[in-house]
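Computed from a predicted model, the values in this text were never measured in an experiment. Just so you know, residue 1 is the first one in the sequence shown, and it goes up from there.
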Amino acid sequence: MSDTRIPDTRIPDTRIPPALPVPVVLAGARGHGRWHLHNIRRLADAGLVRLAGICELRPLDADELDGFGRADGGLPPAQSADFGALLDTTGARIAVVCTPIDTHTGLALTAARRGVHLLLEKPPAPSEAAFRRMADGVRDAGVACQIGFQSLGSQALPAIAALIEGGAIGDVTGIGAAGAWARDEAYFRRSPWAGKRRMGDTDVVDGVLTNPLAHAVATALALDGSPHAEDVTGIELELARANDIEADDTSCVRITTARGTRVTAAVTLCAEHPGEPYVMVHGRHGRITLWYKQDRVLVQRAGHGPVEHTYGRTDLLENLVRHLTRGDALLVPPHRTGAFMRVVEAVRTAPDPHPLPADRWYADEAAGRRIVKGVDALVHASADTLSLFSELEANVP
């Protein structure tokens, strides 16, 4: 008897909870998509999902697919460059989209029209208009959409909120985020859209604030309890670049929220000594620092010794599966990234980033990257004082 699968091309009823394991299609399985591939393998081993298909321009080979197929009678996942056709033929109930930024809205709507739920990688769209079109489309289709800000799944966030609510550091006076990373020049050649603000008439907005260190911005806004678009009342931007790219690689933003909080993020891809990015909540009687990639929290307050704790994290794809199968609350639905998208729109519409003069940076030939002189201290000082670069008398307008 043949073991060939018969595709189910019917549009699933999104009101009916899917059975475990939930069939998943991954769009974009290389680059950062490899992380999603490994995560899907982990959840497949736990019996929660099944990798039904992969959408890539060049199919994955057997080594890249090692570990898949065992839960499905040994059949490997289907592969196609046609996302819509792949959803139709696999019976997928969830699509994980990890593709170029400018493709997010189109692919999300393709899935939504087929009743397929979404984990959409950040940034969710390159403009507010594209974001609204995506968010409206998934809402009208009745599908669940999770935006891939993994740091917002950290159990450190509600723990910090409880500390603030309990008065541990007094009234919050501001929130500063800092990210000092290093990326070599090959990073900006990794794809045609890397380091671009736009390609022709298409917005891309692949800058340091909006993509590689976007979590710093989104996490800072979340800690203020200001994730929605209407929570933002003002944005000040300073965009610069040391690398020969269109987008920014060394920038800062100060957001004023409806709460009256100043939220800053100072970030660079040209650090002298790269380190873990963090968000610092300033209070009248102390401060709380979250290293968001590590889920590590340090509480420093008057009259007490420092206290450090590391928290767990809820995986966003697992949360989406639990949302669909047992009704768990979705952690990062689109409307909870509206404030971040206000920042994306401000970056998109801002003047082109200022190229830093040659005496402000130097080339590390061995590492193949450019380093901005003194940028590490500048980034940390911004988070500590809630200041823009220009206010710290740096040569970055």
Side-chain angles (χ1 to χ4, degrees), residues 151 156 174-188 194-195 206-221 223 236-245 247-255 262-282 287-300 306 308 310 343 347 353-397:
S151 63
I175 299 174
W181 278 1
R183 293 293 182 267
D184 60 21
E185 295 186 21
Y187 172 82
F188 300 107
D206 182 39
V208 61
L209 279 168
T210 56
N211 193 10
L213 280 157
H215 281 86
V217 179
T219 306
L221 289 164
L223 286 175
E236 302 166 83
L237 273 176
E238 294 180 354
L239 307 178
R241 59 177 178 82
N243 284 278
D244 186 18
I245 57 175
D248 55 306
D249 60 32
T250 302
S251 299
C252 62
V253 61
R254 184 162 57 207
I255 306 154
R262 292 179 301 163
V263 177
T264 65
V267 292
T268 185
L269 298 178
C270 306
E272 295 174 291
H273 304 288
E276 286 292 331
Y278 60 88
V279 179
M280 182 181 293
V281 182
H282 298 270
R287 63 188 185 186
I288 301 171
T289 305
L290 165 64
W291 288 269
Y292 61 80
K293 286 181 66 66
Q294 301 173 324
D295 304 308
R296 181 164 60 95
V297 174
L298 174 66
V299 182
Q300 299 165 290
E308 186 171 317
T310 300
V343 175
V347 172
H354 174 68
L356 292 172
D359 63 355
R360 288 284 289 122
W361 59 269
Y362 63 94
D364 182 337
E365 300 294 347
R369 68 184 186 91
R370 297 183 181 186
I371 298 172
V372 175
K373 299 173 184 176
V375 73
D376 301 37
L378 192 64
V379 163
H380 299 315
S382 174
D384 194 47
T385 64
L386 306 176
S387 301
L388 297 174
F389 288 161
S390 59
E391 295 168 343
L392 295 167
E393 300 181 342
N395 189 20
V396 181

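Taking OG1 from Thr210 and CG from Asp248, the interatomic distance works out to 6.0 Å, rounded to the nearest 0.5 Å. In this structure, CD1 in Ile288 is found 10.0 Å from CD in Gln300, a value given to the nearest 0.5 Å. To the nearest 0.5 Å, atoms CZ (Arg369) and CG (Asn243) are separated by 10.0 Å. Rounded to the nearest 0.5 Å, atoms CE (Met280) and CG (Leu223) are 12.5 Å apart. Distance check, rounded to the nearest 0.5 Å: CZ of Arg296 to OG1 of Thr289 gives 9.0 Å. In this structure, Trp361 CH2 and Arg241 CZ are separated by 10.5 Å, a value rounded to the nearest 0.5 Å.
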Derivation and outcome, side-chain contact (heavy atoms from CB on, under 4.5 Å), residues Arg287 and Asp384: CA-CA 10 Å; Arg287 63 188 185 186; Asp384 194 47; 2.8 Å; yes
Residues Val217, Val267; criterion side-chain contact (heavy atoms from CB on, under 4.5 Å); working and verdict: CA-CA 10 Å; Val217 179; Val267 292; 6.0 Å; no
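Without hydrogens or angle criteria, Arg360 side chain to Val372 main chain gives no donor-acceptor distance under 3.5 Å. Using modelled atom types, one side-chain atom of Asp249 and one backbone atom of Ala242 make a donor-acceptor pair closer than 3.5 Å. With hydrogens and angles disregarded, a donor-acceptor distance shorter than 3.5 Å links the side chain of Asp376 to the backbone of His273. Judged purely by atom type and a 3.5 angstrom limit, Glu276 has no side-chain atom pairing as donor or acceptor with the backbone of Gln294. A donor-acceptor pair is defined here as one N or O able to donate and one able to accept, closer than 3.5 Å; such a pair exists between the side chain of His282 and the backbone of Ala383. Of the possible polar contacts, none joining the Lys373 side chain to the Tyr362 backbone as a donor-acceptor pair under 3.5 Å is found.
With Ile255 as reference, Leu221 is the one residue of Leu237, Leu221, Thr264 to meet the side chain to side chain contact (heavy atoms under 4.5 Å, CB included) rule.
For the pair Ala156 and Val297, the tightest heavy-atom approach, listed with the atom from each and the gap, is CB-CG2, 3.7 Å. Considering all non-hydrogen atoms of both residues, Leu388 and Glu236 come closest at CD1-OE1, 3.9 Å. What you find for His215 and Ser151 is that their closest heavy atoms are CD2-OG, 3.2 Å. Across all their heavy atoms, Phe389 and Ala266 have their closest contact at CE2-CB, 3.7 Å. Residues Ala367 and Asp184 come closest through the heavy atom pair O-CB, 3.6 Å. Shown here for Thr268 and Cys270, the closest heavy-atom pair between the two residues is OG1-N, 2.9 Å.
Side-chain contact between Thr250 and Leu378 is absent, with no heavy-atom pair separated by less than 4.5 Å.
For His380, the ring pair (Phe, Tyr, Trp, His ring centres under 6.0 Å) partners two or more places apart in sequence, or in a different chain, are Tyr278.
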